[in-house]
Amino acid sequence: MSRKEPIIAIDGPVGAGKSVAARELARALGFSYLNTGAMYRAVAIAARAAGVNPDDAKVEARLASVLEAIKIKFDGEKIFLNGRDVSEEKNAPEIGDLASRFSALGAVRARMRELQRAAGAAGGVVMEGRDIGTAIFPDAEFKFFLVADVNTRARRRFEELKKKGESISEHEVLDQMVERDRRDSARELAPLKRADDAIEIDSTKLSIDAVVAAMKAKINARIKAAKDLKRA
Ligand code: DC
């Protein structure tokens with residue numbers, strides 16, 4: 001695949017700091033930013049509105065028309081599902097859980113893969129999720145896998161939800177997070193897992209600025225090494 005600018009893939013579990021780091025890295029590089037988790041959340045909202053249950057034996061058939069018609073648009077921080085602003089609604093913990101359930105289905109993953117590959121094909125993008133470096137763009141020029149201690153991740157997620165006005169305890173957040181990571185890692189299709197060639201960054205003791213700085217340092221070092229090789 002030839003593209004003028006690189007694709008930067010950032011994968012990892014819930015609460016490892018992917019979204020903030022990806023957004024900040026994209027801003028620093030002048031790249032676009034794509035939050036693929038938000039796309040799965042939009043699917044969950046659309047499926048719920050259509051009365052589709054993820055545990056239904058015929059779920060994929062019932063979802064076909066929803067997936068065919070789905071239109072997901074980003075506008076800065078906002079996300080629109082079929083023209084409706086779902087930026088707030090998508091953050092609810094039950095939508096995260098539903099997104100995780102629907103994301104295990106082949107039909108859902110195939111549609112998201114199509115949209116995500118189209119969005120990133122030209123490069124110049126920071127894309128974050130669970131399977132960007134393994135399944136969506138296995139040939140991405142840069143791959144990062146962001147991890148953090150589970151209690152730190154739960155605390156971060158809890159603070160984030162509290163700020164957004166969600167009423168949930170830290171303990172509930174931890175339980176839901178562990179279950180969601182388990183499901184996302186155990187599923188058959190494109191499970192959450194570090195790509196062999198991804199650089200792992202542990203953000204437990206790092207600020208977002210430090211995570212972004214570490215990513216930029218890796219990117220610059222690789223670009224410099226490639227230039228040196230060309231010159232030699
Ligand atoms: O990043 P997030 O928490 O908003 O993602 C919600 C769910 O979507 C997550 O639990 C699993 C699914 N997801 C996925 O399967 N693949 C991705 N690339 C991104 C998210």
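Just so you know, ligand 1 is whichever comes first in the structure, and atom 1 is the first atom listed for that ligand. All values below were derived from every heavy atom in this structure, side-chain atoms included, with hydrogens, water molecules and symmetry-related copies excluded.
Counting only distance, with no hydrogens or angles, the side chain of Thr36 and the backbone of Glu128 share a donor-acceptor pair below 3.5 Å.
In the hydrophobic clustering (ILVMFWY side chains linked at under 4.5 Å, chained through shared members), Leu192 is joined by Phe145, Val147. Other cluster members for Ile201: Ile8, Ile10, Val20, Leu25, Leu29, Phe31, Val126, Phe142, Phe144, Leu146, Ile199, Leu206, Ile208, Val211, Val212, Met215, Ile219, Ile223, joined by side-chain heavy-atom distances under 4.5 Å among Ile, Leu, Val, Met, Phe, Trp and Tyr.
At a threshold of 4.0 Å, the pair Asp181-Arg153 counts as salt-bridged, since one of the basic side-chain nitrogens sits closer than that to a carboxylate oxygen. A salt bridge is absent between Lys163 and Glu159; no separation between the charged side-chain nitrogens and carboxylate oxygens falls under 4.0 Å.
Residues with a heavy atom under 4.0 Å from ligand 1: Thr36, Gly37, Tyr40, Arg41, Ala99, Ser100, Ser103, Arg109, Gly129, Arg130, Asp131, Arg180, Asp184, Arg187.
For the side-chain contact (heavy atoms from CB on, under 4.5 Å) test, residues two or more places apart in sequence or in another chain that qualify with Asp55 are Asn53, Arg101.
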